Amino acid sequence: TKTGDIYVTNEEDNGPIFKLNSSGIANIFYNGVEAKSPGGIAYNSTNDKIYWINRGNGKIYSMNADGSGLPTALFGGANVNAKGYSIQLDETNNKLYYANFYKIYVGNLDGTGTPSVLYDIKTDTIECPSNIALDISNNKIYWTDEDADIVACANLDGSGNFKILYNNSIHGVNRSDGLAIDVKGGKIYWSETAGSVSRIRVGNIDGSGTPVTLQSGFDCYGLLLTFE
């Protein structure tokens with residue numbers, strides 16, 4: 001966030017959502033019913049709000065990052081099938097994107113209207129998308145897929161142009177989960193959570209070359225890159 005804080009969800013029936021300051025001290029940010037089994041979480045620097053998926057009821061909420069006020073349910077408080085680990089915000093075009101393990105959705109960032117399916121397990125090259133990342137300037141969305149064992153991308157506007165960047169048969173991808181991209185550096189980072197081969201890897205964002213393992217031996221379901 002603007003103040004260097006990190007927000008983390010705890011996927012338990014009673015949450016909560018934690019706020020970690022730059023010194024690594026964690027405090028409870030929110031633990032109400034709106035954070036019942038919270039999943040993906042994201043920060044909006046434009047309005048200084050936190051957005052999160054509530055896997056307990058399939059809704060998406062927003063709340064002031066300073067903890068003031070109460071959570072607001074987006075999309076009229078409807079269950080929008082938001083039950084995944086990842087939500088990403090496009091502040092430039094006022095859109096939000098989220099995955100629910102079977103589909104990837106897009107909706108209005110202000111919570112109006114109804115989210116629509118961007119990519120679907122029935123018709124597109126996905127099985128169980130676990131995390132997503134956005135490259136707004138190049139009209140790209142990237143995702144990991146823990147069932148298909150791939151790292152892939154497609155056009156952000158939903159027009160297709162699928163590309164599997166890394167897969168199991170060639171690159172040994174095994175249950176890909178966490179995801180982060182470095183567009184300027186041309187790199188894509190992901191985690192694999194397949195037990196004895198759990199690791200964090202990095203490859204070229206265009207899928208060329210051979211990915212490198214950065215760290216092995218622990219499960220990681222989310223990645224965050226910071227740039228100085």
Side-chain angles (χ1 to χ4, degrees), residues 11 39-42 53 55 81-90 95-106 115-225:
E11 190 192 352
I41 191 165
I53 287 172
R55 302 183 70 227
N81 207 20
K83 297 189 176 184
Y85 293 142
S86 189
I87 179 171
Q88 297 292 329
L89 311 181
D90 174 2
K95 297 291 183 182
L96 64 78
Y97 298 78
Y98 62 96
N100 77 334
F101 296 111
Y102 301 101
K103 300 175 183 179
I104 297 174
Y105 292 83
V106 58
S116 59
V117 175
L118 191 69
Y119 294 111
D120 191 311
I121 187 173
K122 295 181 179 179
T123 57
D124 302 312
T125 311
I126 62 174
E127 291 184 20
C128 191
S130 42
N131 269 277
I132 57 177
L134 310 180
D135 177 2
I136 308 301
S137 60
N138 292 305
N139 186 38
K140 290 295 180 183
I141 182 169
Y142 295 81
W143 68 87
T144 48
D145 193 314
E146 62 181 34
D147 276 4
D149 296 328
I150 61 172
V151 179
C153 71
N155 289 339
L156 187 59
D157 59 12
S159 60
N161 195 24
F162 292 99
K163 182 177 182 180
I164 296 177
L165 304 174
Y166 300 101
N167 61 29
N168 178 270
S169 61
I170 298 175
H171 309 102
V173 176
N174 197 346
R175 203 172 190 272
S176 52
D177 272 302
L179 180 67
I181 58 174
D182 175 5
V183 175
K184 185 176 181 179
K187 297 294 182 182
I188 185 166
Y189 298 76
W190 71 92
S191 66
E192 298 175 16
T193 58
S196 61
V197 293
S198 296
R199 56 189 174 179
I200 297 175
R201 306 178 76 185
V202 59
N204 293 327
I205 202 168
D206 62 2
S208 63
T210 302
V212 174
T213 297
L214 299 178
Q215 184 71 47
S216 300
F218 60 92
D219 288 344
C220 173
Y221 291 88
L223 296 175
L224 175 67
L225 300 180

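When reading the values below, keep in mind they use all heavy atoms of this one structure, side chains included, and skip hydrogens, waters and symmetry mates. In this chain, residues are counted from 1 in sequence order. Being a predicted model, the structure only gives us computed values, none of them experimental.
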Donor-acceptor contact present, side-chain [X] to main-chain [Y], <3.5 Å:
X    : Y    : value
Y119 : G160 : yes
D145 : E127 : yes
D157 : S159 : yes
Q88  : A133 : no
N168 : V173 : yes
S176 : I150 : yes

**Prompt:** Could you go step by step and tell me if N161 and K140 meet the side chain to side chain contact (heavy atoms under 4.5 Å, CB included) rule?
**Reply:** CA-CA 10 Å; N161 195 24; K140 290 295 180 183; 3.1 Å; yes

**Request:** Could you check S130 against F101 for side chain to side chain contact (heavy atoms under 4.5 Å, CB included), going step by step and ending with a plain yes or no?
**Result:** CA-CA 6 Å; S130 42; F101 296 111; 4.3 Å; yes

**Message:** Any heavy-atom pair between the side chains of Y189 and D182 that's under 4.5 Å?
**Reply:**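 When only atoms from C-beta onward are counted, Y189 and D182 do touch, with a gap below 4.5 Å.
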
If you round to the nearest 0.5 Å, how far is [atom2] of [Y] from [atom1] of [X]?
X    : Y    : atom1 : atom2 : result
L179 : I132 : CG    : CD1   : 9.0 Å
L156 : I136 : CG    : CD1   : 5.0 Å
I121 : D147 : CD1   : CG    : 7.5 Å
K83  : N100 : NZ    : CG    : 9.0 Å
D135 : I181 : CG    : CD1   : 5.0 Å
D177 : N131 : CG    : CG    : 6.5 Å

**Request:** Step through the shown structure and confirm whether more than 12 heavy atoms of other residues, nucleotides or ligands are within 6.0 Å of OH on Y221.
**Result:**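 Yes, OH of Y221 has more than 12 neighbouring heavy atoms, counting only those of other groups under 6.0 Å.
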
**Request:** Return the orientation label for the Y98 and Y105 ring planes: parallel under 30°, perpendicular over 60°, tilted otherwise.
**Result:**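 Plane angle under 30°, so parallel.
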
**Asked** Looking only at heavy atoms, which two atoms of T144 and G178 are closest? And how far apart?
**Response**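 That closest heavy-atom pairing would be CG2-O, 3.6 Å.
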
**Non-hydrogen atoms of V117 and K103 that approach each other most closely** =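 For V117 versus K103, the nearest heavy atoms are CG2-CD, 3.9 Å.
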
**Item:** By salt bridge (Lys or Arg N to Asp or Glu O under 4.0 Å) - contacts of E146 (at least two apart)
**Value:**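 Scan of E146 (salt bridge (Lys or Arg N to Asp or Glu O under 4.0 Å), adjacent residues dropped) gives R175.
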
Run the side-chain donor-acceptor check on residues 204-219: report pairs under 3.5 Å with partners two or more places apart or on a different chain.
unit_1, atom_1, unit_2, atom_2, d
N204, OD1, K187, NZ, 2.7
N204, ND2, S208, O, 3.1
N204, ND2, S208, OG, 3.2
D206, OD1, S208, N, 3.0
D206, OD1, S208, OG, 2.7
D219, OD1, S198, OG, 2.4

**Partner of Y142 by side-chain contact (heavy atoms from CB on, under 4.5 Å), out of V183, L134, L165** =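 Option passing the side-chain contact (heavy atoms from CB on, under 4.5 Å) with Y142: L165.
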
**Message:** Under the criterion side chain to side chain contact (heavy atoms under 4.5 Å, CB included), I'd like the reasoning laid out for W190 against Y166: C-alpha separation, chi angles, the key distance, then a yes or no.
**Reply:** CA-CA 10 Å; W190 71 92; Y166 300 101; 3.6 Å; yes

